[in-house]
Amino acid sequence: MPLLRFDVVKGRDDKELKALLDTAHAAMLEAFEVPATDRYQIVHQHEPNELIVEDTGLGFNRSNNLVMISIVSKPRMQHQKERLYALLAERLESECGISPQDLMVSITENGDADWSFGMGEAQFLTGKL
């Protein structure tokens, strides 16, 4: 936990997707200080006309290399979120060739009762996690 959903335009090969997921996971480990085995990632690939991400008037030049990352997580400190945004932008550019202008990240927070990792239990509530 956290859960990361990646929305991308179709066209990346398996190696590129693995690099994207591995790089994002490394940034998450550093910024949120979660255990290495807290890795929950889902990739959704879209036709170019199915993914519209404008710049909210910021002047970004988006391309088909766009990556939207939606994160569901327990509450995190502001400095952790800001660190994650910076690490993602820096590392996805250097390791995956993704421009910081093509990166959008959104975090939705939830609580202990909002997670079940299996067995019909809320492990954060039962004390197993």
Side-chain angles (χ1 to χ4, degrees):
M1 199 289 308
L3 169 64
L4 282 72
R5 295 179 182 269
F6 298 79
D7 288 279
V8 299
V9 174
K10 285 182 181 176
R12 288 179 169 87
D13 62 30
D14 290 346
K15 183 179 177 183
E16 291 170 312
L17 287 173
K18 182 171 178 5
L20 170 63
L21 298 180
D22 289 349
T23 301
H25 184 63
M28 181 70 58
L29 292 176
E30 186 172 331
F32 283 8
E33 299 176 356
V34 297
T37 57
D38 273 4
R39 187 169 183 169
Y40 304 94
Q41 300 173 314
I42 302 167
V43 175
H44 298 277
Q45 298 188 64
H46 305 273
E47 297 296 334
N49 64 326
E50 295 175 344
L51 192 58
I52 299 171
V53 180
E54 296 185 354
D55 67 357
T56 315
L58 296 170
F60 300 151
N61 293 312
R62 307 273 196 203
S63 76
N64 280 346
N65 207 24
L66 175 77
V67 174
M68 291 186 62
I69 304 175
S70 302
I71 301 170
V72 179
S73 174
K74 294 172 66 173
R76 306 290 171 172
M77 302 295 293
Q78 179 177 327
H79 74 274
Q80 290 176 301
K81 295 175 187 178
E82 291 175 336
R83 180 73 178 139
L84 178 64
Y85 303 148
L87 287 171
L88 286 169
E90 174 189 311
R91 292 183 182 169
L92 289 177
E93 183 174 38
S94 66
E95 297 176 31
C96 301
I98 298 168
S99 167
Q101 292 188 42
D102 278 329
L103 174 63
M104 183 172 171
V105 181
S106 174
I107 299 175
T108 301
E109 295 181 337
N110 63 14
D112 290 348
D114 299 312
W115 293 94
S116 173
F117 294 90
M119 305 303 292
E121 299 176 341
Q123 287 85 358
F124 287 126
L125 296 179
T126 65
K128 290 183 178 177
L129 286 176

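Reckoned from all heavy atoms, side chains included, excluding hydrogens, waters and symmetry mates.
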Output, in order, the C-alpha distance, side-chain angles, deciding distance and verdict of side-chain contact (heavy atoms from CB on, under 4.5 Å) for Arg39 and Asp22. CA-CA 10 Å; Arg39 187 169 183 169; Asp22 289 349; 2.6 Å; yes
Quick test of your reading: applying salt bridge (Lys or Arg N to Asp or Glu O under 4.0 Å), list the pairs with at least one residue in residues 56-70, sequence neighbours left out, ordered by first then second residue.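 Applying salt bridge (Lys or Arg N to Asp or Glu O under 4.0 Å) to every pair that reaches into residues 56-70, excluding sequence neighbours, yields nothing.
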Applying salt bridge (Lys or Arg N to Asp or Glu O under 4.0 Å) as the test, list every pair that has at least one member in residues 85-95; sequence neighbours left out.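 Matches after skipping sequence neighbours: Glu30-Arg91.
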Taking side-chain contact (heavy atoms from CB on, under 4.5 Å) as the criterion, tell me which of Asn110, Leu129, Leu125 meets it with Trp115.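 Of Asn110, Leu129, Leu125, side-chain contact (heavy atoms from CB on, under 4.5 Å) with Trp115 is met by Asn110 alone.
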Heavy-atom side-chain proximity of [X] to [Y] below 4.5 angstrom:
X      : Y      : answer
Asp102 : Val67  : no
Val72  : Asp114 : no
Thr126 : Met119 : no
Phe60  : Val53  : no
Arg76  : Ile107 : no
Gln45  : Leu17  : yes
Ile71  : Thr108 : no

Could you walk me through whether Asn65 and Arg12 pass the side-chain contact (heavy atoms from CB on, under 4.5 Å) test, one step at a time? CA-CA 9 Å; Asn65 207 24; Arg12 288 179 169 87; 2.7 Å; yes
Donor-acceptor under 3.5 Å (His46 side chain, Ile52 main chain):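 No.
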For residues [X] and [Y], report the shortest heavy-atom separation together with the two atoms involved.
X      : Y      : answer
Pro2   : Phe32  : CG-CD2, 3.9 Å
Ala27  : Leu88  : CB-CD2, 3.9 Å
Gln123 : Glu121 : OE1-O, 2.9 Å
Met77  : Gln80  : N-OE1, 2.9 Å

Please step through side-chain contact (heavy atoms from CB on, under 4.5 Å) for the pair Glu109 and Ser73, ending with a clear verdict. CA-CA 5 Å; Glu109 295 181 337; Ser73 174; 5.5 Å; no
Who are the side chain to side chain donor-acceptor pair (under 3.5 Å) partners of Glu47, not counting sequence neighbours?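 Testing Glu47 for side chain to side chain donor-acceptor pair (under 3.5 Å), a comparison that skips the adjacent residues, returns Lys10.
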Using the side-chain contact (heavy atoms from CB on, under 4.5 Å) rule, take Lys74 and Asp112 through it: C-alpha gap first, then chi angles, then the decisive distance, then the call. CA-CA 7 Å; Lys74 294 172 66 173; Asp112 290 348; 3.1 Å; yes
